[in-house]
Every structure is written in C-alpha cells, then in structure tokens.
Amino acid sequence: MGRSRTDEVEDLMARFPGVPREAVIKEDLLRGGVAFDDEALTGDEGGDVKPKSYFIFSFDHGTLPELGAAALNRPPEEIVLTGGPYELRRTVVSVRVNPNSPYRVGVTPDGTLGLMLDGRHIADVGLPPMPDYYRHALANGKSVMEVAPTIQWGYLIYLTVFRVCQYFGAKEECQYCDINHNWRQHKAAGRPYTGVKSVEEVLEALEIIDKHDTAGASRAYTLTGGSITSRVNGLGEADFYGRYAQAIEERFPGRWIGKVVAQALPKEDVQRFHDYGIRIYHPNYEVWDRRLFELYCPGKERYVGRDEWHRRILDSAEIFGPRNVIPNFVAGVEMAAPAGFTTVDEAIASTEEGLRFFMSRGITPRFTTWCPEPTTPLGKQNPAGAPLEYHIRLLQTYRGTMEEFGLSSPPGYGPSGAGRAVFSVSSFMDSLPEGMQGAED
C-alpha cells in the first residue's frame with residue numbers, strides 16, 4: 001500500500017521545518033486543487049459568499065462541463081484555513097477546483113465548513129464575504145465582478161481588460177496557459193465575459209468599489225490581459241494598457257498602487273507605462289531554463305527571444321527602480337514531462353539560478369504555483385503537476401536567496417508572514433518573515 005497524501009504532507013513538514021506548515025498545505029491545494037461537497041457550495045451569486053470570478057485563467061483541474069455542481073454553483077473565489085491538528089494560522093488560498101482531489105471542503109457535524117484530507121478534518125474553512133460593491137451593477141447592466149473583480153481577500157482589483165492573447169495556436173501559445181480556452185468556455189456556457197473592457201466601464205466599476213469599499217481593503221490594481229503582438233483598438237501594448245492607468249490615475253490619484261502585467265517591452269514603451277501612472281511592472285519571464293523557455297513559450301521566443309526578454313527586464317529597472325520590477329515565473333513547469341527536469345534537485349538548481357540572476361541586481365521575482373489546466377498541452381500530459389517537494393524546496397530557496405541579497409518582499413502584495421499574508425496564488429508571501437515588506441503596503 002502506497003503512502004497517503006497525509007503521510008507525504010507530514011513528512012515534508014518534518015523535513016523542512018523552516019517552511020511554515022501553512023505553506024505546505026497551501027502549496028498542495030494550489031498544485032492539486034480541492035473538491036467541494038455539493039452542500040458546501042452556495043449556489044447563489046447574489047448571496048453572502050464572494051464567488052469565483054475566473055479573473056484571467058480557469059485555475060481549475062477540469063473544464064466547466066466536467067466540474068459538475070462546482071460549475072453550476074460557483075465555488076468561492078478563495079478560502080481561508082485556520083486551526084485543525086496542524087494549528088494553522090490564517091491562510092488565504094485561491095480556489096482551484098478538482099473533483100478528484102484528496103482535499104475536500106464539506107459541512108462538519110456542527111454545521112460549519114471544514115477541510116478534509118484523506119477523510120480527516122485538518123482545518124476550519126472560512127469563506128470570503130460578498131463585498132458590498134459586488135451587489136451593484138454598472139449602468140449597462142454588467143456586474144462589478146465581471147469588470148473589476150477583486151482577489152487576495154479584497155486587496156487587489158484585477159483588471160483583465162483584454163481577455164484573449166494574440167499568441168495564438170500551438171506554435172505561439174505558452175504551453176501551460178489557458179487564457180484563450182477560458183475565454184471560449186465562458187462564452188460557450190453563456191456567461192458574461194467581456195473581450196475588451198472599455199475605459200469607461202472600468203472607471204465606473206472603480207467608482208462603485210471606491211464608494212462601497214468603506215474599510216479600504218482594496219489597496220492595488222493590476223492591469224493585464226493577453227499579449228498584444230499587433231494592435232487592439234488601433235493601439236500597441238504599452239498604449240493599450242497604459243491608457244487605462246492614465247484614466248484611473250486622473251480620476252483616482254493615488255487611491256491604489258497601479259501595477260501592469262505585460263510583455264517585456266522595449267525601454268521606450270516601458271517609459272510610457274511609467275508616464276501613464278503605473279508604479280509596478282511585471283514583465284513575466286515564466287521559466288528560467290533556456291531550453292524550456294523556448295519550448296514552453298514559443299510565441300515569446302519567436303517575437304522577443306529569451307535573452308532580449310531578460311535584457312528588457314533589466315532595462316526596465318532603470319525606469320521603475322529595481323524594487324518595482326517584479327517578474328513572475330510559473331513554479332512547477334520546470335518539471336513538466338516530457339521535456340522538463342526529472343529530479344527536484346535539477347529543477348531547484350535551475351530556478352535558483354534565475355532567482356540569483358535577478359535578485360543580485362535588486363529585482364525580486366515572484367511566482368504563481370502552476371495549476372495543470374487540462375486544456376493546455378502541459379496540463380494534459382502532467383495532470384498531477386510538479387511534486388510537492390519541489391514547491392516546498394522552492395519556498396526555502398526563495399527565502400534564502402532574498403535574505404542573501406538583503407531584499408524585502410516586493411511591494412503591492414500586502415503583508416508578509418504566515419497568518420498575515422493575503423497573496424493567494426502561491427505561498428511566497430506566507431513563507432517570508434513577518435514584517436519583511438516595505439512601507440508601500
């Protein structure tokens with residue numbers, strides 16, 4: 001009889017005591033997903049629980065038709081874990097639905113929600129309350145959730161203003177990315193999913209958030225969407241995304257930290273982002289290894305190339321300052337078959353090389369835990385994702401490299417530390433020391 005998932009989790013907690021146990025559970029949920037008992041789903045988008053908005057990718061281990069009740073009755077955007085036998089401190093986790101996961105959210109005998117692993121209760125589950133601003137529609141009838149959803153327990157407004165990517169088809173799409181399929185599946189299901197959001201409706205949604213977010217929970221916004229290789233609305237990438245920032249900063253000067261996730265663009269375009277009012281730039285490098293970048297990011301390799309991509313990241317630090325350039329990578333694709341590393345040691349060594357390249361120059365990357373979505377080539381071939389040990393060792397390596405180069409956690413991510421972090425799509429903020437972030441948050 002093989003080891004249970006519980007055995008694996010507890011073994012890693014014991015082997016890596018420097019990684020918070022909250023992060024071990026969180027990484028396992030992010031890489032492998034969570035199931036929901038039917039009675040744990042609210043079934044009412046007008047109810048008391050903030051529903052999953054599908055803000056850019058599906059982040060699910062099945063298509064909508066495969067998710068059963070979790071597709072008809074939207075699961076929550078995030079869950080918060082506390083207590084249980086591991087005495088978990090408050091841990092915010094992005095919901096990635098997997099009906100076959102050994103983790104299940106269900107109703108306990110006392111009527112509260114709990115997280116079960118291998119049939120054993122391991123944490124109490126809290127749900128995000130429906131924010132007041134989600135209850136108000138725009139003049140055109142669209143919901144705030146559709147135009148300007150919030151994640152990270154309300155900290156971040158996620159403005160996916162271009163829902164598709166112009167890297168299209170097998171020879172251009174990143175091999176782990178389902179942005180284009182996610183667009184198609186929501187349209188096929190008859191769900192509202194605006195392709196290009198107008199500046200006017202974004203501003204209207206932000207007006208509603210600004211009015212009704214009386215607690216000031218929202219602290220940052222991210223402008224993002226698919227890569228633009230030609231034009232959208234007659235504009236190239238810097239001007240297309242930048243015009244939203246310009247309008248937001250004119251209407252709400254300094255209300256939120258402005259961030260943009262875009263390609264690594266030439267220096268003059270990056271300067272335009274800064275001039276438009278953006279303060280944090282995320283030119284994501286996706287995966288460090290040269291061979292894997294070429295294989296997994298064929299469009300980015302074809303249009304820009306890995307070396308030029310990295311050169312542009314370094315150049316952008318001259319405009320934004322190194323601390324405000326925060327490229328993302330997709331943690332786990334390093335080990336995706338058939339081309340990825342076959343041992344955790346090799347994968348960590350490669351990723352650490354990338355971290356050192358950037359951190360030695362004052363640039364602090366961050367990462368999203370890979371969710372192997374089944375409509376992507378890498379997700380199809382690697383439904384289990386990367387080994388949990390890889391993710392735990394990455395957290396250890398990430399923290400160690402930051403400390404070596406004397407860096408604090410990047411701005412725009414809220415508080416650091418287990419029990420305090422709100423960043424929900426990886427555990428890097430949970431695994432850093434409390435109070436490691438700068439004054440921006």
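For the numbers below, each heavy atom of this structure counts, side chains included, while hydrogens, waters and symmetry mates do not.
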First locate atom CZ of Phe358, then atom OG1 of Thr401, and finally report the distance between them rounded to the nearest 0.5 Å. 13.5 Å
Electrostatic pair Asp28-Arg96, nearest N-O below 4.0 angstrom: no
Nearest heavy-atom contact between Val333 and Glu286 is CG2-O, 4.4 Å
Under 3.5 Å donor-acceptor, Asp37 side chain and Glu39 backbone: no
pair Arg279-Asn324: side-chain heavy atoms closer than 4.5 Å: no
Kindly assign one of parallel, tilted or perpendicular to the pair His212 and His136, based on the angle between their ring planes and the thresholds 30° and 60°. parallel
Any chance you could measure Leu159, atom CG, to Trp256, atom CH2, to the nearest 0.5 Å? 9.0 Å
Would you say the side chains of Thr369 and Glu27 form a donor-acceptor pair under 3.5 Å? yes
For the side chain of Lys259 and the backbone of Gly412, is there at least one donor-acceptor N/O pair under 3.5 Å apart? yes
If only atom types and distance count, is the side chain of Glu237 paired as donor or acceptor with the main-chain N or O of Ala262 below 3.5 Å? no
State whether the side chain of Ser427 and the backbone N or O of Asp430 hold a donor-acceptor pair below 3.5 Å, judged by distance alone. no
As a quick check of understanding, evaluate side chain to side chain contact (heavy atoms under 4.5 Å, CB included) for Ile278 and Tyr241, giving each step before the final call. CA-CA 10 Å; Ile278 291 293; Tyr241 288 114; over 6 Å; no
For Ser431, is there any backbone N or O sitting under 3.5 Å from a side-chain donor or acceptor partner on Arg399? yes
Does the side chain of Val93 reach to within under 4.5 Å of the side chain of Val34, using non-hydrogen atoms? no
Using modelled atom types and a 3.5 Å cut-off, is there a donor and acceptor pairing between side-chain atoms of Lys197 and backbone atoms of Val202? no
Are Thr112 and Thr108 linked by a side-chain donor-acceptor pair shorter than 3.5 Å? yes
Between Tyr133 and Thr150, is any side-chain donor less than 3.5 angstrom from a side-chain acceptor? yes
Tell me if the aromatic rings of Phe428 and Phe423 count as close, with their centers under 6.0 Å from one another. yes
Could you tell me the separation between the OG atom of Ser198 and the NZ atom of Lys142, rounded to the nearest 0.5 Å? 6.5 Å
Can you tell me if Lys211 has over 12 outside heavy atoms packed within less than 6.0 Å of its NZ? no
Quick one: sort the His274 and Phe320 rings into parallel, tilted or perpendicular, breaks at 30° and 60°. perpendicular
Answer whether the closest heavy-atom distance between the side chains of Lys26 and Pro20 falls below 4.5 Å. no
Main-chain N/O of Val97 paired to Asp60 side chain as donor or acceptor, under 3.5 Å: yes
Any side-chain heavy atom of Ile25 sitting closer than 4.5 Å to one from Met13? yes
Nearest atoms (heavy-atom pairs only) where Ala264 meets Arg312: O-NH1, 2.8 Å
Report yes if some heavy atom in the side chain of Ile363 is under 4.5 Å from a heavy atom in the side chain of Pro327; otherwise report no. yes
Any idea which heavy atoms bring Tyr276 and Glu249 closest together, and the distance? O-CG, 4.2 Å
Got a second to check how far Ile257's CD1 is from Ser218's OG, nearest 0.5 Å? 11.0 Å
Does Gln152 reach the main-chain N or O of Ser424 with its side chain, forming a donor-acceptor pair under 3.5 Å? no
Treating Thr364 as the side-chain partner and Pro410 as the backbone partner, does any N or O pair qualify as donor plus acceptor under 3.5 Å? no
Checking Val199 against Arg243 for the side chain to side chain contact (heavy atoms under 4.5 Å, CB included) test, could you report, in this order, the C-alpha distance in whole Å, the side-chain angles of both residues, the deciding distance, and whether it holds? CA-CA 8 Å; Val199 172; Arg243 66 188 176 137; 4.2 Å; yes
Just so I know, are the side chains of Arg366 and Ile326 near enough to count as touching, which here means a heavy-atom distance under 4.5 Å? yes
Checking Thr63 against Gln185 for the side chain to side chain contact (heavy atoms under 4.5 Å, CB included) test, could you report, in this order, the C-alpha distance in whole Å, the side-chain angles of both residues, the deciding distance, and whether it holds? CA-CA 8 Å; Thr63 62; Gln185 75 167 354; 3.9 Å; yes
Determine the minimum heavy-atom distance between Gly414 and Met429, stating which atoms define it. O-CE, 3.2 Å
Look at Arg255 together with Asp213 and state whether they make a salt bridge at an N to O cut-off of under 4.0 Å. yes
Please list, one pair per line, the donor and acceptor atoms closer than 3.5 Å that link side chains of residues 383-396 to other protein atoms, with sequence neighbours excluded.
unit_1 : atom_1 : unit_2 : atom_2 : d
Glu389 : OE2    : Arg15  : NH2    : 3.2
Glu389 : OE2    : Arg393 : NH1    : 3.3
Tyr390 : OH     : Glu334 : OE1    : 3.1
Tyr390 : OH     : Glu334 : OE2    : 2.8
Tyr390 : OH     : Thr351 : OG1    : 3.4
Arg393 : NH1    : Asp345 : OD1    : 2.8
Arg393 : NH2    : Asp345 : OD1    : 2.8

Salt bridge between Glu87 and Arg21, side-chain N to carboxylate O under 4.0 Å? no
Over all heavy atoms of both residues, which pair between Asp289 and Arg306 is shortest? Give the atoms and the distance, please. C-NE, 4.1 Å
For a 4.5 angstrom cut-off between non-hydrogen side-chain atoms, does Val261 reach Asn284? yes
For the pair Arg272 and Asp275, find out whether any cationic side-chain nitrogen is under 4.0 Å from an anionic carboxylate oxygen. no
Is any side-chain N of the basic residue among Glu77 and Lys50 closer than 4.0 Å to the acidic one's carboxylate O? no
Go through it in stages, so that I can follow the logic: the residues are Trp370 and Asn382, the test is side chain to side chain contact (heavy atoms under 4.5 Å, CB included), and I'd like the CA-CA distance, side-chain angles, deciding distance and then a yes or no. CA-CA 11 Å; Trp370 176 38; Asn382 301 271; 3.6 Å; yes
Do the non-hydrogen side-chain atoms of Phe293 and Phe329 ever get within less than 4.5 Å of each other? no
Are the side chain of Asn73 and the backbone of Leu41 linked by a donor-acceptor contact shorter than 3.5 Å? no
Distance from His282 atom NE2 to Thr224 atom OG1, nearest 0.5 Å? 9.0 Å
Restricting to side-chain contact (heavy atoms from CB on, under 4.5 Å), what partner residues turn up for Pro76, sequence neighbours left out? Phe36, Val49, Ile79, Val95, Leu127, Pro128
Approximate separation, where rounding is to 0.5 Å, of Tyr303 OH and Ser230 OG: 7.5 Å
Check the pair Arg135, Asp48 against salt bridge (Lys or Arg N to Asp or Glu O under 4.0 Å), reporting the backbone distance first and the verdict last. CA-CA 10 Å; Arg135 302 184 189 278; Asp48 297 325; 3.8 Å; yes
Check Gly242 against Phe273 and note the closest heavy-atom contact, atom names and distance. N-CE2, 4.1 Å
